[in-house]
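In this text the structure is predicted, and so the values were computed from the model without any measurement. The figures here come from the full heavy-atom set of this structure, side chains too, leaving out hydrogens, waters and symmetry mates. In the text below, chain A, chain B and the rest are named by the order of the sequence lines, each starting its count at 1.
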Amino acid sequence: MWNAFKSKPKAEESEDGDSDYAASDGEVSDSSASHAASAELPTTSSADTTPNTSPEKKVPISKWICAQSSKAPKSNANEHITAKLEEMVKNYESTNDKWRAFGYQKAIGALRKCPHEIRSWEEARALQGVGAKLADKIWEIAQSGELRKLTEFQSSEQVQVLKLFTDVWGAGPTTANAWFQQGFRTLEDLKTKANLTHQQKVGVRLYEDLLDRMPREEAAEIEAVVKETAESVQPGVIAYACGSYRRGKKDCGDVDIILTHPDGHSHKGLFGKVIQHLKDKGFLTDDLVSVEDNENQKKYLGVCKLPGPNRKHRRLDIIVVPYEEYACALVYFTGSAHFNRSLRHLCKKMGMSLNEHALRKGVVRKGQEKIFEGTIVPTPTEESVMTALGVPFRPPEERDH
DNA sequence: GCACAGAGAAC
DNA sequence: GTTCTC
DNA sequence: GTGC
Ligand SMILES: O=c1ccn([C@H]2C[C@H](O)[C@@H](COP(=O)(O)OP(=O)(O)OP(=O)(O)O)O2)c(=O)[nH]1
Ligand SMILES: [Mg+2]
């Protein structure tokens with residue numbers, strides 16, 4: 001029988017990441033030579049290699065999405081197209097075809113930024129990230145309003161079930177497919193017959209609540225609870241909601257809170273205390289990722305519920321970071337994920353590296369592998385992280401790629 | 001044919 | 001080491 | 001999926 005699931009290439013080291021990101025433009029792939037040419041964006045004006053200080057490689061930055069504001073035309077003139085392509089992304093993600101999903105996501109970003117409606121194949125093909133295959137599909141939608149490939153997915157029981165299962169927190173494509181192969185088709189099957197990890201049990205039990213997004217006002221209430229608790233445990237603590245909330249989104253999938261302390265050391269031991277206080281209050285209802293014996297705990301992922309009637313369970317993520325890493329941690333935790341991946345990809349092209357801990361220069365890689373870590377570039381602020389890369393500073397609202 | 005970010009935690 | 005998530 |  002037909003199998004919609006994309007198997008992993010057998011051999012070693014499959015790199016990876018996950019499906020989505022990209023979008024808008026630039027960020028072409030890679031390989032040796034510095035990009036130089038490439039057709040590219042209308043905005044590309046040559047003469048824009050990074051003003052980056054000295055030794056790093058010169059890389060034109062105008063085409064990288066992290067160097068551009070995410071602000072798009074108020075109304076998406078190609079909504080009828082992007083809606084269908086978004087569906088395709090979900091289908092491909094659930095079937096473990098992450099790089100194909102990645103490609104679609106990139107094209108969607110370009111379509112969103114496009115101020116006019118795409119009507120012809122040539123218009124579509126001219127967009128960064130749209131090749132012949134996607135131009136065919138975009139043209140098909142523009143012409144007929146339909147996408148046969150999407151209809152095909154919708155009539156596949158396997159794909160529909162994989163989507164249902166990958167929406168369980170803690171279950172990805174591999175697990176979802178294993179369940180499908182075992183004959184499971186519904187959440188009830190999972191509850192009664194499947195082997196579930198702790199995370200997946202919580203995910204099934206709170207399935208609906210955890211798929212829901214909350215209004216930002218509710219996220220602000222959750223931020224306040226954590227902030228007050230942290231302050232009571234360690235006066236002077238810095239606590240902010242990042243993620244989509246900090247980017248100003250109207251609704252948030254969860255609340256991402258960063259904790260640190262300006263004295264440089266009082267963040268130590270904070271984790272255990274804050275989590276314990278929140279549990280004593282009855283605020284946290286379930287843990288998803290939380291290190292038992294703390295001290296070096298980096299993150300807490302769990303579920304909370306505000307007091308009172310008619311409240312849903314909400315996902316809450318907390319990270320605690322040393323003050324010296326605050327700027328890089330803020331950039332990371334504010335996102336978006338696409339923005340981060342773009343920024344990190346750009347770093348890599350420049351012979352640098354960026355993670356939630358630090359920005360490094362003089363990094364030596366052999367292929368994908370890092371041979372020498374390089375040295376830390378001091379970055380006291382978010383702005384310093386971006387300008388060190390030659391990327392214009394963007395406020396959180398403009399990093400919503 | 002290669003690269004598409006980089007890391008923490010659960011199992 | 002793989003899977004999943006941020 | 002795209003781009004090189
Ligand atoms: O693959 C990922 C996922 C997340 N992040 C960072 C950016 C993101 O903004 C932040 C918080 O993650 P989350 O999944 O909560 O994303 P969000 O941007 O807050 O969106 P949502 O409203 O769905 O929570 O962590 C990454 O760097 N890579
Ligand atoms: Mg979030």
Side-chain angles (χ1 to χ4, degrees), chain A residues 6 8 12-23 25-40 63 66 85 88-89 92-93 96-110 125 127-137 149 166 168-178 195-200 203 242-244 253-254 256 258 287-292 296-301 315 317-319 328-329 332-349 352-358 360 363 365 367-368 370:
Chain A
K6 178 107 173 175
K8 282 226 149 127
E12 63 240 281
E13 244 6 84
S14 57
E15 14 101 36
D16 159 276
D18 166 22
S19 30
D20 65 311
Y21 122 83
D25 28 30
E27 234 110 333
V28 205
S29 38
D30 139 29
S31 237
S32 36
S34 56
H35 296 292
S38 33
E40 283 33 65
K63 61 185 192 172
C66 59
L85 298 187
M88 293 295 284
V89 169
Y92 283 126
E93 283 179 344
N96 207 28
D97 205 343
K98 61 188 160 228
W99 294 118
R100 201 176 306 273
F102 179 97
Y104 272 75
Q105 194 67 55
K106 197 167 182 175
I108 290 166
R125 180 67 183 80
L127 297 173
Q128 182 70 27
V130 176
K133 308 273 292 281
L134 272 170
D136 287 346
K137 292 182 171 65
K149 186 72 183 167
T166 52
V168 171
W169 205 98
T174 301
T175 305
N177 192 49
N195 265 331
L196 302 176
T197 63
H198 168 72
Q199 295 172 338
Q200 291 157 356
C242 301
S244 50
D254 64 5
D256 306 287
I258 187 170
D287 297 339
L288 290 168
V289 172
S290 184
V291 175
E292 294 289 311
N296 287 324
Q297 185 171 359
K298 314 260 185 207
K299 67 167 76 163
Y300 172 84
L301 310 186
R315 285 270 299 101
D317 297 353
I318 302 175
I319 61 173
C328 288
Y332 156 70
F333 220 33
T334 297
S336 66
H338 292 334
F339 174 87
N340 289 349
R341 293 173 73 174
S342 174
L343 199 66
R344 291 173 181 202
H345 188 189
L346 173 62
C347 269
K348 195 174 203 174
K349 302 296 292 185
M352 303 173 81
S353 78
L354 176 66
N355 58 27
E356 54 272 50
H357 304 296
R360 292 170 175 273
V363 175
R365 294 179 176 85
Q368 310 210 129
K370 201 185 280 185

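For A:K149, the salt bridge (charged side-chain N to carboxylate O under 4.0 Å, His left out) partners two or more places apart in sequence, or in a different chain, are A:E152. By the ring-ring contact (aromatic ring centres under 6.0 Å, His included) test, A:Y300 is found to be paired with no residue, residues two or more places apart in sequence or in another chain being considered.
Rounded to the nearest 0.5 Å, atoms CG (A:L134) and OH (A:Y104) are 5.0 Å apart. Atoms CE and CG, on A:M352 and A:L343 in that order, are 10.0 Å from each other to the nearest 0.5 Å.
In the set B:dA7, D:dC4, D:dG1, D:dC4 carries the atom at the smallest distance from any side-chain atom of A:K63. Proximity note for A:H345 (side chain, C-beta onward) versus B:dA5, C:dT3, B:dA7: the nearest is B:dA5. Closest to the A:K370 side chain, of the nucleotides B:dC4, B:dA9, B:dA7, is B:dA7. Side chain of A:Q128, nearest nucleotide from C:dC6, D:dT2, D:dG3: D:dG3. In the set C:dC6, B:dA10, B:dC4, B:dC4 carries the atom at the smallest distance from any side-chain atom of A:Q368.
Remark: A:S353 is not in phosphate contact with B:dA5, judged by side-chain N or O atoms under 4.0 Å from OP1 or OP2. The phosphate of B:dA5 (OP1 or OP2) has no side-chain N or O of A:N340 nearer than 4.0 angstrom. Of the side-chain N and O atoms in A:R365, one or more sit less than 4.0 angstrom from OP1 or OP2 of B:dG6. Distances shown here put a side-chain N or O of A:Y92 below 4.0 Å from the OP1 or OP2 atom of D:dG1. Remark: A:K98 is not in phosphate contact with D:dG1, judged by side-chain N or O atoms under 4.0 Å from OP1 or OP2. For the OP1/OP2 pair of C:dC6 and a distance below 4.0 Å, the side-chain nitrogens and oxygens of A:R315 include at least one atom meeting the criterion. In terms of phosphate contacts, A:T174 brings no side-chain nitrogen or oxygen within less than 4.0 Å of OP1 or OP2 of C:dT2. OP1 and OP2 of C:dC6 both lie 4.0 Å or more from every side-chain N or O belonging to A:K299. Under 4.0 angstrom from either OP1 or OP2 of B:dA5 there lies no side-chain N or O belonging to A:R344. Phosphate contact (OP1/OP2 of B:dA3, side-chain N/O of A:K349, threshold under 4.0 Å): absent. Dashed line: the shortest gap from a side-chain N or O of A:H357 to OP1 or OP2 of B:dG6 is not under 4.0 Å.
Rounded to a whole angstrom, the distance from the C1' atom of B:dA5 to that of C:dC4 is 16 Å.
The side-chain heavy atoms of A:K298 and A:E356, taken from C-beta on, include no pair separated by under 4.5 Å.
Under the stacking definition used here (centres under 5.5 Å, planes under 30°), the residue A:W99 qualifies as stacked on the base of B:dC4.
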